[in-house]
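Beneath this line is the structure, given in structure tokens, with notes to follow.
Whatever order the structure lists them in is the order used to number ligands and atoms, beginning at 1. Because the structure is a prediction, the values reported are computed rather than measured.
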Amino acid sequence: MSESLTVSMIGLGAMGSALASAILETGHELAVWNRSSEKCRPLAAEGASVASSVGDAVSRSDVVVVCVRGYDVAATLFDDPAIAASLAGKALIQLGNGVPTEVADAADWFTAHGAAYLDGSIMAFPDAVGTADCQLLISGDPSAFAQCESILGAIGGDIRYLGADPTASAVINTSALAFVYVTAHAFVSAAAMCDTSGAPIDLLADVIGKFTTQMPAVFGEYVAMITARSYESRNLRLASGAEALQAITEFGRTSGVNTDLFESVLRTLNASAAAGHGPNLAAVFETVKRQQD
Ligand SMILES: NC(=O)c1ccc[n+]([C@@H]2O[C@H](COP(=O)([O-])OP(=O)(O)OC[C@H]3O[C@@H](n4cnc5c(N)ncnc54)[C@H](OP(=O)(O)O)[C@@H]3O)[C@@H](O)[C@H]2O)c1
């Protein structure tokens, strides 16, 4: 059935352009629209037709894929009674990064206008789109997922459908991005410490890269400990972590490096140790989670 689907792609930034190329390769008929029309040209050369407006893009296709910078931007693009009225019976797939509250609002709005709504999170960079390395988390209308599986399969070689709740993929994505951005900042802080001491940061990257190959196994232990609410494993002890971070913070201050990140983590580790939730670093889960209660 999906072989005969017509698709429109709205948003041709770095990610949207990669998505459009991947969809074209499946042989689906594709129309494209972008605010800055010059970004449509390379896709037109690959075989896409160019829609003259968002309304035109919606009216041309069975499936509308949206990937623009922000859910507020996407909402503005559809905020026209004629466009809203033309959504009935279409599948609408939104693939930008949105937090769960934004996704819930978008799902309510598109569903109220008769579209079957899917929300996806692309856990990869544009260069990986269409490859086995491209993880795509997707949630929302189950029938639309079945209908669009071949289109989604063209985008991500590793698709996980998380069920009918449209916010499910955004919950995982938002949590995963929290990890990614803080890890990236941790690397930059480590690089600053290395650099001010005159050490080569390419060597640092190599050492961290090799060391962190062990992290998936540690995450597995964390999941088991958090699930059991029992924090006993010998890997990454809380007391050693607090001692190390105290020393690292002092070294950072001496070296003239910004230590905000280290101090923040150290405060949480010390609070967790004082609360006595367990000897493993994973016990910090109890402290972090209770801050939200
Ligand atoms: N790039 C990545 O590595 C990556 C990875 C995973 C997820 N994502 C997500 O994908 C989404 C798009 O990212 P991107 O990398 O493609 O960003 P981008 O290259 O900056 O492109 C942004 C897109 O949004 C459009 N846009 C921005 N403001 C607009 C407005 N007011 N009205 C109409 N269109 C507007 C842009 O149109 P113009 O071309 O006219 O400016 C362009 O199509 C984001 O949610 C991002 O978080 C990106």
Side-chain angles (χ1 to χ4, degrees), residues 7-24 30-46 48-58 61 64-80 82-84 92-107 109-110 117-140 151-152 154-160 162 166-185 187:
V7 186
S8 287
M9 179 75 224
I10 293 176
L12 298 174
M15 184 52 87
S17 294
L19 299 176
S21 291
I23 294 168
L24 270 176
L30 181 75
V32 294
W33 181 86
N34 192 64
R35 176 182 61 174
S36 316
S37 58
E38 69 274 8
K39 290 187 186 163
C40 296
R41 272 188 228 120
L43 277 308
E46 289 177 39
S49 62
V50 178
S52 57
S53 63
V54 172
D56 184 30
V58 172
S61 297
V64 181
V65 183
V66 182
C67 186
V68 293
R69 184 160 291 280
Y71 275 51
D72 51 340
V73 168
T76 310
L77 296 179
F78 288 87
D79 187 18
D80 173 306
I83 297 174
L92 194 301
I93 309 175
Q94 185 145 210
L95 295 177
N97 280 332
V99 296
T101 43
E102 294 174 309
V103 172
D105 289 346
W109 191 87
F110 283 110
Y117 186 77
L118 287 171
D119 201 278
S121 303
I122 304 165
M123 311 294 300
F125 302 113
D127 284 352
V129 168
T131 72
D133 290 334
C134 183
Q135 281 194 79
L136 176 61
L137 308 179
I138 194 104
S139 48
I151 297 166
L152 297 168
I155 293 169
D158 181 0
I159 301 185
R160 297 186 211 205
L162 304 182
T167 65
S169 60
V171 171
I172 299 289
N173 185 49
T174 303
S175 309
L177 288 183
F179 173 85
V180 168
Y181 284 118
V182 173
T183 306
H185 185 65
F187 179 80

Sidechain-backbone polar pair: Thr167 side chain, Pro100 backbone, donor-acceptor under 3.5 Å: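 Between the backbone of Pro100 and the side chain of Thr167 there is no qualifying donor-acceptor contact (under 3.5 Å).
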So, the side chain of Ser61 versus the backbone of Val64: is there a donor-acceptor pair under 3.5 Å, distance only?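 Between the backbone of Val64 and the side chain of Ser61 there is no qualifying donor-acceptor contact (under 3.5 Å).
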Can you tell which of Thr76, Asp105, Asp119 makes a side chain to side chain donor-acceptor pair (under 3.5 Å) with Tyr71?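 Among Thr76, Asp105, Asp119, the one that satisfies the side chain to side chain donor-acceptor pair (under 3.5 Å) with Tyr71 is Asp119.
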With side-chain contact (heavy atoms from CB on, under 4.5 Å) as the criterion, how do Leu162 and Val171 come out once you've worked through the C-alpha distance, each side chain's angles and the decisive distance to 0.1 Å? CA-CA 11 Å; Leu162 304 182; Val171 171; over 6 Å; no
With a cut-off of 3.5 Å and sequence neighbours excluded, list every side-chain donor-acceptor pair involving residues 126-139.
residue, atom, partner, partner atom, Å
Thr131, OG1, Ala128, O, 2.6
Thr131, OG1, Asp133, N, 3.2
Gln135, OE1, Arg160, NH2, 3.2
Ser139, OG, Asp165, O, 3.4
Ser139, OG, Pro166, O, 3.0
Ser139, OG, Ser169, N, 3.0
Ser139, OG, Ser169, OG, 3.2

With rounding to the nearest 0.5 angstrom, report the CD to CG distance, Glu102 to Asn97.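 CG of Asn97 is found 9.5 Å from CD of Glu102.
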In a simple table, one pair per line, please give the protein and ligand 1 atom names for every N or O pair closer than 3.5 Å, along with the distance.
residue, atom, partner, partner atom, Å
ligand 1, 16 (O), Ala14, N, 3.1
ligand 1, 16 (O), Met15, N, 2.8
ligand 1, 17 (O), Arg69, NH2, 2.9
ligand 1, 19 (O), Ala14, N, 2.8
ligand 1, 20 (O), Arg69, NE, 3.1
ligand 1, 20 (O), Arg69, NH2, 3.1
ligand 1, 24 (O), Arg69, N, 3.1
ligand 1, 31 (N), Arg35, NH1, 3.2
ligand 1, 39 (O), Asn34, ND2, 2.9
ligand 1, 39 (O), Lys39, NZ, 2.6
ligand 1, 40 (O), Arg35, NE, 3.0
ligand 1, 40 (O), Ser36, N, 3.0
ligand 1, 40 (O), Ser36, OG, 2.4
ligand 1, 41 (O), Arg35, NH2, 2.9
ligand 1, 43 (O), Leu12, N, 3.2
ligand 1, 43 (O), Gly13, N, 3.2
ligand 1, 43 (O), Asn34, OD1, 2.7
ligand 1, 45 (O), Asn97, N, 2.8
ligand 1, 47 (O), Asn97, ND2, 2.8

